[in-house]
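It should be emphasised that the depicted structure is a prediction, and the values quoted were computed from it without experimental measurement.
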Protein chains: 2
Amino acid sequence: MKLLHHPDRKDIMLTSVLYALSDPVRLQMVAQMHSTGEQPCKDFDVPIAKSTLSQHARTLREAGITHTRTLGTQRLLSLRTDDLNARFPGLLDAVLRGFDLQRREAAADAEPAEPAQP
Amino acid sequence: MKLLHHPDRKDIMLTSVLYALSDPVRLQMVAQMHSTGEQPCKDFDVPIAKSTLSQHARTLREAGITHTRTLGTQRLLSLRTDDLNARFPGLLDAVLRGFDLQRREAAADAEPAEPAQP
DNA sequence: TCAATTGTTCGTTGATTAACGAACTATAGA
DNA sequence: TCTATAGTTCGTTAATCAACGAACAATTGA
């Protein structure tokens, strides 16, 4: 079994975090972990090959955004919420909120009018 | 004279903003605009060629982070604070605060002890 | 008009990136 | 032990990126 490197809290770099979050696939993964909690790679709802997903998971882990633990054949990913909040207060929340606002707006734009009962 | 494209507020994308902020040079530029206000390219305190700086300025502008206006031969850059706060509430502040926290910590680490009179 | 200042554009280079499939590792369960 | 499942690693490809210098454009001021 391979041991996975996670950076210490103090070594989490702002530019690395912002870069990791700037990819649509990774941002989606982060949003999903935030709403659903810890989950295995296979449950991420992203339309990419598993090798690509594995690489994205690594990018998030090495940036200090996620923690990965092994359970059987699975790798369970979760957000390092406390570490991120301690190091960059308010950043994760602002990103997640921005992601949600943007998503809502896109959904609203797709509808022609405000339907009473959709 | 060339006219510069600035995206509408509604077209500012989260991933583009995060990406633009994930480069150390651009992040430094943003921090400087935040503390010093509007300023011309030549006043940015970054150790790069002016052609490179010009490209970074373009990246920031096209991501919707900065506004650029022309004054004589100069291009004055300023943060689109209101637009960013409206679209992604708290994001810019969190990034700027995180940048400052990280900078302070790095400075503290460089000092061996707490000198009374440095 | 001419020179200096400020910034942009262009072409190049080397590095990095996201994507994929194939091959591999490791564990769980039959 | 054998098979299925879950991920990782590797090699490749096409695209993008940051950096630079040279050449260009636009404006100011002498």
### Task
Using whole Å, report how far CG of A:L4 lies from P of D:dA6.
18 Å
### Query
Between B:R103 and B:D100, is the closest basic N to carboxylate O distance under 4.0 Å?
yes
### Query
Taking for each residue the nucleotide of DNA chain C with the nearest heavy atom, is it A:T52 or A:Y19 whose nucleotide lies nearer the 5' end?
A:Y19
### Summary
Quick note, B:T73 side chain, CB onward, closest among C:dT9, C:dC20, D:dT27 is D:dT27
### Message
I want to verify a distance call: between D:dA18, D:dC20, C:dA18, whose nearest atom is closest to the B:R26 side chain?
### Response
D:dA18
### Task
Kindly say if B:R75 contacts the phosphate of C:dT6, meaning a side-chain N or O under 4.0 Å from OP1 or OP2.
no
### Task
Could you state the atom-to-atom distance from CG of A:L76 to P of C:dT27 in whole Å?
14 Å
### Message
As a test of reading the structure: which of D:dT8, C:dG7, D:dA18 is closest to the side chain of B:K50, going by heavy atoms?
### Response
C:dG7
### Query
Quick one: which of D:dG21, C:dG21, C:dG7 gets closest to the side chain of B:P40?
C:dG7
### Distance, rounded to the nearest Å, where A:L71 contributes CG and C:dG29 contributes C1'
15 Å
### Query
Between atom CZ in A:R69 and atom P in D:dG7, what is the gap in whole Å?
12 Å
### Query
Do any side-chain nitrogens or oxygens of B:R58 fall under 4.0 Å of OP1 or OP2 in C:dT8?
no
### Message
Counting only side-chain heavy atoms from C-beta out, which of C:dA19, C:dT8, D:dG21 sits nearest to B:S51?
### Response
D:dG21
### Task
Please report, rounded to the nearest Å, how far the C1' atom of D:dA6 is from the CG atom of A:L77.
12 Å
## Note on the structure
Atom CD of A:Q39 and atom P of D:dG7 are separated, to the nearest Å, by 10 Å
### Query
Toward the 5' end of DNA chain C, which comes first, B:L53 or A:H56, by nearest nucleotide?
B:L53
### Query
With respect to the side chain of B:Q74, which nucleotide from C:dG7, D:dT9, C:dG21 is positioned closest?
C:dG7
### Query
When rounded to the nearest 0.5 angstrom, what distance separates OG1 in B:T68 from CZ in B:R80?
10.0 Å
### Query
Touch check for B:I48, heavy atoms < 4.0 angstrom, all strands: base, sugar-phosphate only, or nothing?
sugar-phosphate
### Message
Expressed as a whole number of angstroms, how long is the span from A:E62:CD to D:dT9:C1'?
### Response
13 Å
### Message
Quick check for you: among C:dT5, D:dT9, D:dA6, whose closest atom lies nearest to any side-chain atom of A:S54?
### Response
D:dT9
### Task
Check whether any side-chain heavy atom of A:L27 sits under 4.5 Å from a side-chain heavy atom of A:V95, and report yes or no.
yes
### Query
With a 4.5 Å limit on heavy-atom distance, are the side chains of B:L92 and B:V17 in contact?
no
#### Entry: Side chains of A:R26 and A:H56, donor plus acceptor under 3.5 Å
yes
### Query
Between B:D23 (CG) and D:dC17 (P), how many Å, whole number?
11 Å
